[in-house]
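Heavy atoms only: backbone and side chains are in, while hydrogens, waters and symmetry mates are out. Source: prediction; values computed, not measured.
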Amino acid sequence: MTRSTPSKPPAAPALFALLILLALTAAAGCSTATEPAPRPAAVRNTAPAPSASASGTPTDAAWVQLMTPMNEKAVALLTLAADRATEPRVRAFATRLRGDQEAELGRLRPLLARMGLPDTDVHAGHAMPGMVTESDLAAAKAAKGAAFDRLFLTRIRDHLRHSAQVSRSEIAAGARADAKRLAAALVTAREAALTELEALPGATRALG
């Protein structure tokens, strides 16, 4: 089913709150079961809880479950741009960035597995900030010439900005060392890609 194009992206604090909300929703599992009453203090298990850095936190899970489909959808748009963009420099940029995003997926998917999370898009049907939507892809397939380039530059800029933003949230609030390292690598890559994108032909007009 075609999803609507996202509305104006929220500010950074709102986006961070969204990330935490997604994490807590996933952790709760949407269960409505009544929690059991606590055991008497004399028999309560007093063993320390497992370290969050070893098992991860809901924030870690929310980040990797968001970043994976974000990259997958971006790769689909980048594949179109590598073939159909009017400007040669835009096509070359799309080709390089597609390779980078696919390499990131090669690290994100194993991280999902290590965390015991399904390799499925848990955000399917949601209008997530920075996510390339099915309607975006349909519009890109229908666009031609400079109109295609403008659409591509705008959508991939949003993807890069928002994926960097949620990755910074993971660095700040996550617990898993491997997730935080990957998030840091993604932020560095996004910043470099944004700098290159903003210097591409047509970028000034497309991005405002």
Side-chain angles (χ1 to χ4, degrees), residues 1-10 12 15 63-112 119-168 170 182-208:
M1 181 174 64
T2 301
R3 292 180 293 189
S4 60
T5 302
S7 57
K8 184 178 179 181
L15 189 61
W63 175 75
V64 70
Q65 287 186 303
L66 179 59
M67 282 304 311
T68 304
M70 284 186 78
N71 268 31
E72 289 170 344
K73 295 295 187 182
V75 165
L77 180 58
L78 289 162
T79 298
L80 288 174
D83 180 61
R84 300 183 56 193
T86 301
E87 289 284 347
R89 284 177 58 191
V90 175
R91 289 199 303 273
F93 169 78
T95 299
R96 289 193 303 275
L97 187 57
R98 178 180 61 186
D100 293 343
Q101 300 266 299
E102 288 174 337
E104 289 172 0
L105 285 170
R107 298 177 66 184
L108 287 162
R109 287 170 178 149
L111 179 58
L112 279 169
D119 188 9
T120 56
D121 183 1
V122 299
H123 302 295
H126 302 160
M128 307 300 297
M131 183 84 75
V132 175
T133 66
E134 292 299 330
S135 60
D136 290 335
L137 293 174
K141 290 174 183 176
K144 297 179 181 179
F148 175 90
D149 287 11
R150 287 194 298 272
L151 186 153
F152 165 70
L153 291 169
T154 300
R155 294 297 182 267
I156 209 66
R157 187 270 309 271
D158 290 346
H159 162 72
L160 292 169
R161 280 185 173 179
H162 285 287
S163 57
Q165 203 166 57
V166 294
S167 294
R168 292 187 187 99
E170 164 61 20
L182 181 51
L186 264 61
V187 170
T188 298
R190 297 298 182 273
E191 291 173 346
L194 281 166
T195 298
E196 184 178 359
L197 181 149
E198 290 164 1
L200 290 173
T204 300
R205 176 176 295 182
L207 304 177

Student: Output all residues satisfying salt bridge (Lys or Arg N to Asp or Glu O under 4.0 Å) with R109, sequence neighbours left out; order by chain, then residue number.
Tutor: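 For R109, the residues satisfying salt bridge (Lys or Arg N to Asp or Glu O under 4.0 Å) (neighbours in sequence not counted) are E72.
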Student: Out of curiosity, L200 CG to I156 CD1, how far, rounded to the nearest 0.5 Å?
Tutor: 11.5 Å
Student: Measure across E170 and A183 and return the closest heavy-atom pair with its distance rounded to 0.1 Å.
Tutor: CG-CB, 3.7 Å
Student: Using the test side chain to side chain contact (heavy atoms under 4.5 Å, CB included), find all partners of T188 that sit at least two apart in sequence or belong to another chain.
Tutor: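 Not a single residue meets the side chain to side chain contact (heavy atoms under 4.5 Å, CB included) criterion with T188.
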Student: Is there a donor-acceptor contact under 3.5 Å from the side chain of R150 to the main chain of A206?
Tutor: no
Student: For D149 and A146, indicate whether the former's side chain and the latter's backbone hold a donor-acceptor pair under 3.5 Å.
Tutor: no
Student: I'd like to check L66 versus M131 (side-chain heavy atoms, cut-off strictly below 4.5 Å). Are they in contact?
Tutor: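 SC-SC contact between L66 and M131 confirmed.
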Student: Using every non-hydrogen atom in the two residues, find where H159 and A74 come nearest and quote the distance to one decimal.
Tutor: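 For H159 and A74, the tightest heavy-atom pair comes out as NE2-CB, 3.5 Å.
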Student: To the nearest 0.5 Å, tell me how far T68 OG1 sits from L108 CG.
Tutor: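 Rounded to the nearest 0.5 Å, the OG1-CG separation comes to 4.5 Å.
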Student: Please report the interatomic distance CG(L153) to CD(E87), rounded to the nearest 0.5 Å.
Tutor: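 Rounded to the nearest 0.5 Å, the CG-CD separation comes to 9.5 Å.
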Student: Of all residues at least two apart in sequence or in a different chain, which pass the side chain to side chain contact (heavy atoms under 4.5 Å, CB included) check with A189?
Tutor: E104
Student: Which pair of heavy atoms, one from S167 and one from M67, lies closest together, and at what distance?
Tutor: OG-SD, 3.9 Å
Student: If you take all heavy atoms of A81 and R91, which pair is closest and at what distance?
Tutor: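 Minimum heavy-atom separation between A81 and R91: O-CG, 3.6 Å.
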Student: Tell me, do F148 and V90 make a side-chain contact under 4.5 Å, heavy atoms counted?
Tutor: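 When only atoms from C-beta onward are counted, V90 and F148 do not touch, as no gap falls below 4.5 Å.
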Student: Tell me the closest heavy-atom pair linking K73 and L137, and the distance in Å.
Tutor: O-CD2, 4.5 Å
Student: Could you go step by step and tell me if K141 and R84 meet the side-chain contact (heavy atoms from CB on, under 4.5 Å) rule?
Tutor: CA-CA 9 Å; K141 290 174 183 176; R84 300 183 56 193; 4.1 Å; yes
Student: First locate atom CD of Q101, then atom CG of N71, and finally report the distance between them rounded to the nearest 0.5 Å.
Tutor: 4.0 Å
Student: Answer yes or no: is there a side-chain heavy-atom contact under 4.5 Å between L182 and W63?
Tutor: yes
Student: Quick check: closest heavy atoms across L105 and P110, and the distance to 0.1 Å?
Tutor: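 That closest heavy-atom pairing would be O-CD, 4.0 Å.
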Student: What residues, two or more places apart in sequence or in another chain, satisfy side chain to side chain contact (heavy atoms under 4.5 Å, CB included) together with R157?
Tutor: T154, R161, L194, L197, L207
Student: Suppose we screen for side chain to side chain contact (heavy atoms under 4.5 Å, CB included). Which residues come up paired with R98, at least two apart in sequence or across chains?
Tutor: V75, L78, T79, A82, T95, E102
Student: Sequence neighbours excluded, which residues qualify as side chain to side chain donor-acceptor pair (under 3.5 Å) partners of E191?
Tutor: R168
